[in-house]
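All chains are named by letter (A, B, ...) in the order of the sequence lines, taking the proteins before the strands, and each is independently numbered beginning at 1.
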Number of protein chains: 2
Amino acid sequence: MTQSAKGRLPDRIDMTILDTLQKDGRISNVELAKKVNLSPSPCIDRVRKLEQDGFIEGYGARLNASKLGFGTAAFIQVTLDRTTGAVFDQFRDAVVKIPQVAECHMVAGGFDYLLKLRLSSMEAYRGVLGLIVDLPGVLQTHTYVVIEQVKQDAGLPLKFAAAPEGKTE
Amino acid sequence: MTQSAKGRLPDRIDMTILDTLQKDGRISNVELAKKVNLSPSPCIDRVRKLEQDGFIEGYGARLNASKLGFGTAAFIQVTLDRTTGAVFDQFRDAVVKIPQVAECHMVAGGFDYLLKLRLSSMEAYRGVLGLIVDLPGVLQTHTYVVIEQVKQDAGLPLKFAAAPEGKTE
DNA sequence: AAACTAACCTTATATAATTCGGTTTATAAA
DNA sequence: TTTATAAACCGAATTATATAAGGTTAGTTT
């Protein structure tokens, strides 16, 4: 078996579909089909296949954070005390449960985890920071408050995609 | 004028709609209406209003970055030389044009900008870093490569939303 | 209490999604 | 090169959904 078990790799048309849906997830199948020069039937077949093969994980509305009371964002660097390996698991299990933690990344190069928080205010920040400091294994933290969102949540630059396994066109 | 010019504030039903669409942006209006105990007509009226009032900015497919050749992520801290105020503008204008820069935040507390990159490989990282170092005003950078995505792109925790201006229920 | 407004429901119409059978095109084997 | 096979595609029919219009209720204001 030289290739992934289910389905073939996305071709150029699939890439256009993905890029289009990434930007407008509620485009009608009829419109999408026009855009990729297909009739509706094979177009929706491709979309379903992309969903089933896991290239599309879901669809979501992009909400305006500021207008909904989440105008404040902050990044928190977290360093753990590595007494045991289980510390990492405990920290991860606990941190993902905090709703205000929008992202959590384990990183290399200076500290252990980088968290992105979405908050309503600095008061809310103070509350959440209290939670994080008390999480298992946390040694120290450093916060960077976001002053201005210059660019956010840009989609995947599919034009620059490396072919996942073999020929993509 | 004590309140925002157009439209009223989202009530509890609107919040449920927003939270639902955030998680499933392609839910049919019929299903959505059932979920919030409305008939389809007032439900879609509310959705349209939320769109027009800017609470919903758009819809998009969530793509699997790894399967599409963007398995590598990295954060880059950027410090500028503040010779002039225009340096900030120049840097911002230039950095937003780099497709691999998924996010760019101006932050307080140690450095100036925090960038999030989505990349296909470390080779790609090397190329993009070269671009960033050469951007106008860049004094120094520090990179943190993401080892593991513990939590990513969690939606807004609307249950914890502060009422934007007044009564939200 | 009456008038007004806003939100809602029901029904009818238009549009889109989905399914199915058949055709073309590409791929592989003989 | 020819033939067999599979994949992708198209068009038409069906089903479901979105959209629009008219009327009703509930809440507010005067």
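- Inspection of the Gln22(A) and Asp19(A) side chains reveals an N or O donor paired with an N or O acceptor under 3.5 Å.
- The interatomic distance linking Ile13(A) (CD1) with dC9(D) (P) rounds to 5 Å, in whole Å.
- As a whole-Å value, the separation of Arg26(B) CZ from dA18(D) C1' is 14 Å.
- A donor-acceptor pair under 3.5 Å is formed between the side chain of Lys151(B) and the backbone N or O of Val96(A).
- The CG-P distance, from Asn37(A) to dC9(D), rounds to 11 Å in whole Å.
- Checking dT19(D), dA7(C), dA16(C) against every side-chain atom of Asn29(B), the shortest atom distance belongs to dT19(D).
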- List the steps and the verdict of salt bridge (Lys or Arg N to Asp or Glu O under 4.0 Å) for Lys116(B) and Asp153(A). CA-CA 9 Å; Lys116(B) 181 179 178 182; Asp153(A) 278 322; over 6 Å; no
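- Ile27(B) has its CD1 atom 13 Å from the C1' atom of dT17(D), to the nearest Å.
- Although no hydrogens or angles enter the test, the distance criterion places no donor-acceptor pair under 3.5 Å between the side chain of Asp93(A) and the main chain of Gln90(A).
- Using modelled atom types, one finds a donor on one side chain and an acceptor on the other under 3.5 Å when comparing Tyr125(A) with Thr143(A).
- Taking atom CG of Asp11(B) as the reference point, atom C1' of dA6(C) lies 12 Å away to the nearest angstrom.
- One interatomic measurement links the two molecules: NZ of Lys35(A) to P of dA16(C), which rounds to 16 Å at whole-angstrom precision.
- Rounded to an integer number of Å, the gap from NZ of Lys49(A) to P of dA7(D) is 8 Å.
- Proximity of Arg48(B) to the phosphate of dT19(D): a side-chain N or O atom is located under 4.0 Å from OP1 or OP2.
- Computed from coordinates, the Glu51(A) CD to dA17(C) P distance equals 13 Å when rounded to whole Å.
- Under the 3.5 Å distance criterion, with hydrogens and angles disregarded, a donor-acceptor pair is assigned to the side chains of Glu51(A) and Tyr59(A).
- In the region residues 38-47 of chain B, proximity to DNA chain C at under 4.0 angstrom, judged on heavy atoms, holds for Leu38(B), Ser39(B), Ser41(B), Pro42(B), Arg46(B).
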